[in-house]
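Comments concern the structure below.
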Amino acid sequence: MSKEFSGYRGEVLEAIRKAEVEIGNLIQISRDGESYEGILIPRSEYGDQKHIVIKLKNGYNIGVRITKNTKIRKIGKGAKPAFAPPPRPKQRENLPKVTILSTGGTIASRVDYRTGGVRPALTASDLYSVVPELAEVAVIDAQILFSLFSENITPKHWAEVAKAVAEQISKGVEGVVIAHGTDTLGYTAAALSFALQNLPVPVILVGSQRSADRPSSDAATNLIGAVTAAAYAPFAEVAVAMHETPSDTAIAIHRGTKVRKCHTSRRDAFKSVNTTSIARVQDQKLIMLTDDYRKRNSASKLVLKPKFDEKVALIKFYPGIKPQLIDWYVEQGFKGLVIEGTGLGHVGRDCFEPIRKAVEHDVLVAVTSQCIWGRVNMNVYDSGRDLLNLGAIPLEDILPETALVKLMWVQGQTHNLEEAKRLLIANIAGEFSPRTLAEGTELI
Amino acid sequence: MAEIDYGKLGLKVGLEIHQQLDTSTKLFCNCKPQLFKGEPEITFLRRLRPTQSELGQVDPAAYFEFQKGVKILYESSNMAACLVEMDEEPPHALNMEAVETALTAALMMNSKPVDEIHVMRKTVIDGSNTTGFQRTCVIALNGEVKVGEKTIPIQHLSLEEDAARKTGEEDNKARYRIDRLGIPLIEVATAPVITSPKEAEVAAYTIGRILRATGRVMRGLGTIRQDVNISISGGALIEIKGVQELETVNLVVENEVQRQLNLIEICEELKKKGVKEEELQEQFLEVTNVFRETKCKVIRKALEKKNVVMAVKLPKFRDVLKRELLPNLRLGTEMADRARFWGKVGGIFHTDEMPAYGVTEEEVNLLRKAVDAEESDAAVFVADSHENCRDALVAVVERAREAICGVPEETRAANPDGTSRYMRPRPGAARMYPETDIPPVQVSEELIARICSCLPESSEKKLERLMREFKLNLKLAGQVIDSEYGGLFDVLVRESGVSPTVVAAFLTETLKSLKREGVDVDAVRELQIRDVFRRVGSGELSKEALADVFVWLSRNEGKGVDEAVESLGLKAVSDGELRTLIDRVVAENSRLVEEKGEGSFGPLMGIVMRDLRGKVDAGKVSRLLKERLSKRG
């Protein structure tokens, strides 16, 4: 039997081997006068080594404990479960062309009935055939880049995605959609915002919080929203398309540098921080919510800057933090540190000396706030003023994660300290909002 | 109706009994299992998308609903549901309190617990589950219950989450309340070996008794629901879902047998007439012009909304549509149910029932002419949007074709009166797949040993004990056991010292008749019932006041027994006050007393009790009055 799929180990695996049965076989297990019949099902990797899982005739799975008295016998072949995507719908040729690039994650995953786990198994093309409504929105081309859960995506993957997007744009598509796991989707969105400059068309990242094999999945509505934005939006920016609320009615389009996953599980986990979302897709139509955006223009010549330097770190300040942590980064040759300070942008005085040393070693030290909402202002309290004097750079209302990505990108662009400083504080992709409005506040 | 020989008909019945559990939290989250009344605090709108089963199949009915663009509006309240029920958070681990209760019931039915519990997802996309599936797991297999001399095998006992409850439906939008979603349910499935309606009822009661014996079940309407599978030879396997009262199980079976017999008869008649399936064609004609000036309100309303009227001819079906399958259920009704499901229309009209509903003879004649119907043909017409009319009539023609073949296999929903209506086609197999968010739960030998060591008293033993210990007669003891409040009997007798017969009669007959009178019995909490009985025991309240206090509490939810007593003017009367009253009554009726002596007891007792009803125990009044009369002079 194919060991890599079975999930069985140890004595149980031995018993299965001895009985010469395979996954999908109809088997009988008998023990002390009890007898069970069912199809042998693989065991999840977390299961113990004492049980065999079978699917009963009524569809239920149960685990049967294997002891010395247990006998396993094959009584039939049984059908192996398999996923067959439905046929692709007919494409309407006069619609805008959109490419869907798949990197993995929940949106591109379904339950693997052989292992029982959620697997990034669906190709971008499967997505298209599972969501046939897409045929009414755009002419879709689908490509698989990786099959990665987003926690496994690194800055090297950002560069690859950026290059793949550039290639699609050079082919003349009206927009690009990137299917991505949600955990680090915000980081990738920020990275692409810096790497893809002077965009002619929109680049929309999309994920889902419920896997596509569930009837209640948000994958289809999010994808339709993303493709609608890619095909028809008047803006040419990197953005994220996800549910606006727990309802399936509206998809919010967030600017790539201002968006953050703010909930572990809700459909509307993604929020625009310190700004509003830039658009909304509702009833198959895209409505702009701001005038402040880069316009779609097919004549624009894309500038690709896909280099990121990973010798940059994000440090969250907390009470009792050991200042030596900062020293360690400097000793390891890191070139940039983003400090997620408290409140308006503060750290305890114990950290002053290591920060001074870091700056002395030409390490760029930038400060953001762990409050997430609001803007740093280091002129209000002594701590802030002291940090400024040490050479730390305040980064306005930027998200700490976006600041990290930007610093990686800046270090990938130049080794000149002054040029790097200039780039860091320049508003390149809408990462700073000059004004913070009272939106989202209930005013009495 | 002549006695029916169910054996000869080849009747086979299987039961699936669902019982809500009264656990401290729901099955997969920490919400309390309780419903909310009034306006929802939270609403959200969803669509459910049919997905492929693990064998790559899509349920056709589910796909159809989706294509119709059906949306679901969910209603919630923070008190009754959290993100888990909203499908906005993954399920927590399986509730072990529910598992232990299910194991208890399983062991009482001699079922074999599984070694490892695996939670599954059963696809359900009518909106009743926010996820699009119901979480369910087998707890034990191969049990049995005794029904008289017969052993009925219990195929499996499962634990599952209850579904959201439907609160309405309007324009392609179904409304569901998610408070009920996630309440643990035990499902007990018997083998289809039951052979008469009576046996079905007794089996249902027997299983109900075992479940109640766990002491962890909910009570009230809707807390126990039966699905009944019924087939007869020459008929079809019909699943009737959601029978709410145990006592209607036999009626449901009787009715379904009758329905199938009538359908078989219709089928034979149609065959005799020589009706062929291919004669029934999906040729739909727009007949809106026939009804331009109609007096029929339904059609006029539809036309005002710019809808159309469409019709189809059913050759040789004249007088067949009005054939009664059951009282108030005709073949035409079955077609209407189908049309409502597939066409989302309000209903259909057919020529067998015309002229009626404001449709004139003349309109009927014009309609018959328009669809080219001959004397022996019937016609069905419907007023709605073009698309809905079409879908409805396709369903009507389909149902007519099935009538030629006999009884169509389908899933039906139980009506409160014991009849049933079309619900949906029978779901395909293989709609079950693993719930990967919940790790399997091992059922250890230690756990089973612990549960075995303290299994609740079996209903046979309890019956015997109630008769022996409390001198209840067989009938009353049986009623206590079958009552949802049976578990309270011992507690009430022990705590209050009230006579066991009084407690038993109250918990069974009184509550039943109050329920029949429309009193919301479920609104009174267990603690309140105990409080009322304690007061009766201490003499503070008379047993005659029990029902009044109970009714008051049911109408004043959230208020206490003190307020009930106060408001009903039942403040107890002291012995002194009682003596004074008796003195007064005796004085007022001195002539009667003089004439009849102690023989005046009866009438005087009546007068005193009329003034005191409920405030004092009749026995005490009787004693003091007799005392007074004997001391007269």
Side-chain angles (χ1 to χ4, degrees), chain A residues 31 34-36 41 43-44 46-48 50-53 55-66 79-86 110-118 130-131 209-221 245-249 263-269, chain B residues 42-56 58 62 66 71-74 83-84 86-90 112 114-125 129-133 136-138 141-142 155-156 158 189 429-434 436-437 439-443 445:
Chain A
R31 183 192 69 207
E34 298 292 335
S35 159
Y36 302 93
I41 295 286
R43 187 145 179 85
S44 105
Y46 317 107
D48 65 19
K50 292 180 190 140
H51 295 81
I52 279 183
V53 186
K55 180 179 274 299
L56 303 174
K57 208 174 141 201
N58 60 14
Y60 282 97
N61 291 3
I62 60 166
V64 182
R65 197 174 298 127
I66 301 300
K80 275 189 195 176
F83 173 68
R110 55 179 297 116
V111 170
D112 187 318
Y113 297 107
R114 297 173 64 82
T115 61
V118 177
V130 169
V131 190
Q209 291 280 81
R210 295 290 167 284
S211 59
D213 57 349
R214 300 169 167 236
S216 64
S217 174
D218 53 337
T221 15
T245 66
S247 290
D248 284 332
T249 33
H263 198 280
T264 56
S265 60
R266 279 172 63 149
R267 284 168 175 73
D268 58 349
Chain B
I42 302 152
T43 55
F44 54 102
L45 198 69
R46 292 270 170 78
R47 292 194 70 188
L48 291 175
R49 195 167 265 271
T51 50
Q52 293 188 329
S53 75
E54 54 194 310
L55 295 176
V58 175
F66 175 73
K71 293 190 176 85
I72 307 129
L73 182 72
Y74 289 106
L83 289 183
V84 173
M86 290 173 73
D87 189 38
E88 288 283 47
E89 181 181 326
K112 319 293 172 294
V114 301
D115 298 332
E116 192 176 63
I117 300 166
H118 286 248
V119 181
M120 307 294 288
R121 300 170 172 174
K122 192 196 279 178
T123 310
V124 181
I125 69 162
N129 288 73
T130 48
T131 49
F133 49 74
T136 173
C137 52
V138 167
L141 296 162
N142 302 329
Q155 293 178 326
H156 61 92
S158 315
R431 53 182 190 130
M432 198 97 89
Y433 60 109
T436 47
D437 294 343
V441 175
Q442 283 82 38
V443 180
E445 282 161 16

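Note that these values count all heavy atoms, side chains included, but never hydrogens, waters or copies made by symmetry. So that the names make sense, note that chain A is the first sequence line, chain B the second, and so on, each numbered from 1.
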> What do the steps show when you test B:Leu83 against A:His263 for side-chain contact (heavy atoms from CB on, under 4.5 Å), and what is the final call?
Replying inline: CA-CA 12 Å; B:Leu83 289 183; A:His263 198 280; 3.6 Å; yes
>> Test your reading of the model: is there a side-chain donor-acceptor pair from A:Arg65 to the backbone of B:Val443, 3.5 Å cut-off?
In response: yes
> Do you know which two heavy atoms are closest between A:Asn61 and B:Pro434, and how far apart they sit?
Replying inline: ND2-CG, 4.3 Å
> B:Tyr433 and A:Pro215: which non-hydrogen atoms are nearest, and at how many Å?
Replying inline: OH-CD, 4.0 Å
> Is chain B contacted by the side chain of A:Asp218, its backbone, both, or neither, given a heavy-atom distance below 4.5 Å?
Replying inline: neither
>> My understanding is that only residues two or more places apart in sequence, or in another chain, count here; which of them pass side chain to side chain donor-acceptor pair (under 3.5 Å) with B:Gln442?
In response: B:Glu116
> A:Ile62, A:Thr221, A:Val64: which one forms the most heavy-atom pairs within less than 4.5 Å of chain B?
Replying inline: A:Ile62
> Within a strict 4.5 Å, meaning less than it, do heavy atoms of the A:Glu34 and B:Asp115 side chains meet?
Replying inline: no
> Is a side-chain donor or acceptor of A:Arg210 paired with a backbone partner of B:Asp87 at a separation under 3.5 angstrom?
Replying inline: yes
>> Please evaluate residues A:Leu56 and B:Gln155 with respect to the criterion side-chain contact (heavy atoms from CB on, under 4.5 Å), reporting the C-alpha separation (whole Å), side-chain torsions for both, the decisive distance (0.1 Å), and the verdict.
In response: CA-CA 12 Å; A:Leu56 303 174; B:Gln155 293 178 326; over 6 Å; no
>> Applying side-chain contact (heavy atoms from CB on, under 4.5 Å) to B:Val114 and A:Tyr60, what does each step give before you reach the verdict?
In response: CA-CA 11 Å; B:Val114 301; A:Tyr60 282 97; over 6 Å; no
> Between B:Lys71, B:Lys122, B:Glu89, which residue shows the highest count of heavy-atom pairs closer than 4.5 Å to chain A?
Replying inline: B:Glu89
>> So does B:Thr131 get a backbone contact from the side chain of A:Ser216, meaning a donor-acceptor N/O pair under 3.5 Å?
In response: yes
> Mind checking what makes salt bridge (Lys or Arg N to Asp or Glu O under 4.0 Å) contact with B:Arg49, not counting sequence neighbours?
Replying inline: A:Glu133
> At what distance, to the nearest 0.5 angstrom, does CG of B:Leu141 lie from OG of A:Ser35?
Replying inline: 10.5 Å
>> Is B:Thr136 close to chain A through its backbone or its side chain, or both, or neither, when contacts mean heavy atoms under 4.5 Å?
In response: both
> Are the side chains of A:Arg267 and B:Met86 in touch, meaning some heavy atoms are under 4.5 Å apart?
Replying inline: no
>> Which one wins on heavy-atom pair count under 4.5 Å against chain A: B:Pro90, B:Pro439, B:Gly132, B:Ala189?
In response: B:Gly132
> Distance from B:Met120 atom CE to A:Lys55 atom NZ, nearest 0.5 Å?
Replying inline: 3.5 Å
> Hey, does the side chain of A:Ser265 reach the backbone of B:Glu88 with a donor-acceptor pair shorter than 3.5 angstrom?
Replying inline: yes
